Amino acid sequence: MEPLHHDTSTPEAGRHRRKPRSRTVRLSLAGLALALTGTGVALMPAAQAAPETAAVQAAAENPYERGPAPTERSIEASRGPYSVSERNVSSLVFGFDGGTIYYPTTTSDGTFGAVAIAPGFTADEGSMAWYGPRLASQGFVVLTINTNTRLDQPGQRGDQLLAALDYLVEDSAVRSRIDRNRLAVMGHSMGGGGALEAASDRPSLKASIPLTPWNLDKTWGEVTVPTFIIGADGDSIASVRSHAEPFYESLRSSTNRAYMELNNATHFTPNLSNTEIAKYSISWLKRFVDNDTRYEQFLCPIPRPSLQIEEFRGNCPHT
């Protein structure tokens with residue numbers, strides 16, 4: 001299949017080599033280090049005097065970083081730096097009713113984190129299709145799923161999200177592209193309630209993002225997975241007062257958590273391409289699935305209310 005988007009990343013610029021120091025200079029520096037150490041001032045050994053480049057340091061500190069340094073513009077863009085391909089998943093797979101995998105086409109950047117996404121009550125994966133290329137082009141493998149029946153409840157949808165992740169890392173055609181230790185879930189409405197259920201059942205997940213979530217269970221104090229809940233001020237199906245807000249408030253304060261309430265939005269706003277949902281979901285996934293602290297700037301300090309955001313809460317800085 002032809003890529004959905006051309007890769008716009010550019011190769012790293014070449015570096016200039018330093019001329020090696022003479023033996024005399026090296027010995028002089030070593031002597032200076034010894035002398036100053038004796039007075040209580042410690043210097044790095046001469047062999048370590050030249051610092052590593054920022055890129056090498058970043059790679060050493062976090063081998064999971066993917067893509068160029070982010071900007072406000074890059075996380076709001078409709079596509080990220082990676083070209084994307086997709087594969088259909090048969091409804092005959094175990095645990096869920098098939099779906100679509102979206103993945104970066106490159107194999108030169110190593111493995112990627114993966115995200116499974118569930119639709120809401122009576123909906124199919126098509127209602128969540130826009131997340132596939134949007135997230136995959138930023139450096140994730142994404143699986144939007146169909147549920148076993150359109151009437152499945154949040155607990156069932158949570159089980160199916162976990163089954164989808166298991167399929168991705170064990171049986172899918174793209175399993176070699178995935179780091180099985182960096183997995184996340186998302187979902188809309190009852191699928192969002194399912195994302196909470198999945199986070200409760202599998203604490204090893206790196207992130208959970210419930211979108212205008214619905215669930216009869218209002219307390220989630222057992223969840224330790226970093227959780228970003230998105231509500232809508234005009235939601236008449238899963239009102240924020242009875243769903244999103246109590247879900248958020250029930251999470252432990254020690255858990256990395258955030259709550260964004262969209263302004264002039266409805267229960268179905270997550271079903272259509274939305275810049276605010278995308279930019280902060282990308283930032284959350286990057287921050288916790290990839291441990292990429294370059295994205296912390298978009299989450300902390302807490303974003304202020306705007307024409308698009310009614311309210312934003314969270315604990316900062318993240319740990």
Side-chain angles (χ1 to χ4, degrees), residues 67 69-81 115 117-120 123 127-140 142 144 184-189 191-193 195-196 207-214 226-249 251 256-289 292 294-318:
T71 64
E72 195 84 18
R73 183 177 180 181
S74 74
I75 60 173
E76 291 183 351
S78 61
R79 292 292 183 273
V115 188
I117 306 178
S127 64
M128 310 304 286
W130 74 271
Y131 294 91
R134 191 78 171 253
L135 298 179
S137 67
Q138 294 284 350
F140 297 99
V142 181
T144 57
V185 291
M186 296 177 67
H188 171 242
S189 191
L196 286 165
S208 175
I209 305 180
L211 306 156
T212 57
W214 188 99
T227 299
F228 176 34
I229 296 175
I230 299 176
D233 65 345
D235 193 336
S236 60
I237 295 175
S239 70
V240 294
R241 289 187 178 182
S242 60
H243 292 272
E245 286 187 304
F247 297 163
Y248 169 78
E249 292 295 341
L251 296 169
N256 286 307
R257 59 179 184 163
Y259 169 76
M260 179 175 70
E261 185 175 319
L262 296 170
N263 202 11
N264 298 317
T266 74
H267 184 69
F268 300 102
T269 294
N271 293 152
L272 299 173
S273 181
N274 182 283
T275 298
E276 302 306 308
I277 292 176
K279 69 185 288 188
Y280 293 111
S281 294
I282 290 166
S283 297
W284 195 262
L285 294 171
K286 285 287 190 178
R287 176 62 183 83
F288 294 107
V289 176
D292 193 338
R294 298 179 300 174
Y295 288 80
E296 181 83 349
Q297 62 181 303
F298 306 113
L299 301 168
C300 295
I302 299 297
R304 296 180 178 180
S306 65
L307 292 176
Q308 294 77 32
I309 299 175
E310 175 72 18
E311 181 184 3
F312 206 113
R313 308 180 207 170
N315 56 326
C316 286
H318 299 110

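This one's a predicted model, so the numbers in the text were calculated from it and none came from an experiment.
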When you measure from the side chain of [X] to the backbone N and O of [Y], does any donor-acceptor pair fall under 3.5 Å?
X      : Y      : value
Arg134 : Gly80  : no
Gln138 : Ser74  : yes
Ser208 : Ala195 : yes
Trp284 : Val289 : no
Arg257 : Tyr248 : yes
Tyr259 : Glu249 : no
Glu296 : His318 : yes

Does the pair Met260 and Gln308 meet the rule for a side chain to side chain contact (heavy atoms under 4.5 Å, CB included), with working shown? CA-CA 10 Å; Met260 179 175 70; Gln308 294 77 32; over 6 Å; no

What I'd like to find out is whether the side chain of [X] reaches to under 4.5 Å of the side chain of [Y], using heavy atoms alone.
X      : Y      : value
Ile230 : Thr269 : no
Ile309 : Glu261 : no
Arg287 : Asn256 : no
His243 : Asp235 : no
Ser236 : His267 : no
Leu285 : Ile209 : yes
Pro70  : Lys286 : no
Asn263 : Leu307 : no

Can you see which heavy atom on [X] is nearest to which on [Y], and at what distance?
X      : Y      : result
Trp130 : Ala278 : CZ3-CB, 4.0 Å
Met128 : Pro119 : CG-CA, 3.8 Å
Ala238 : Trp214 : CB-CD1, 3.8 Å
Ser189 : Gly120 : CB-CA, 3.9 Å
Val142 : Leu135 : CG2-CB, 3.7 Å
Asp233 : Ala265 : OD1-N, 2.9 Å

How many angstroms lie between atom [atom1] of [X] and atom [atom2] of [Y], to the nearest 0.5 angstrom?
X      : Y      : atom1 : atom2 : value
Thr227 : Phe247 : OG1   : CZ    : 12.0 Å
Leu262 : Leu211 : CG    : CG    : 9.0 Å
Ile237 : Ser242 : CD1   : OG    : 11.5 Å
Arg313 : Asn315 : CZ    : CG    : 13.0 Å
Asp292 : Ile282 : CG    : CD1   : 12.5 Å

Full working for side chain to side chain contact (heavy atoms under 4.5 Å, CB included) between Glu311 and Val240: CA-CA 11 Å; Glu311 181 184 3; Val240 294; over 6 Å; no

Centroid-to-centroid, Tyr280 to Phe312, below 6.0 Å?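 Yes: the rings meet the under 6.0 Å criterion.
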
Set out, in order, the CA-CA distance, both residues' side-chain angles and the distance that settles side chain to side chain contact (heavy atoms under 4.5 Å, CB included) for Val115 and Tyr131, then state yes or no. CA-CA 10 Å; Val115 188; Tyr131 294 91; over 6 Å; no

Is the shortest side-chain N to carboxylate O distance from Glu72 to Lys279 below 4.0 Å?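 A salt bridge is present here (some side-chain N lies under 4.0 Å from a carboxylate O).
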
Carefully, step by step, assess Thr212 and His188 under the rule side chain to side chain contact (heavy atoms under 4.5 Å, CB included). CA-CA 6 Å; Thr212 57; His188 171 242; 3.0 Å; yes

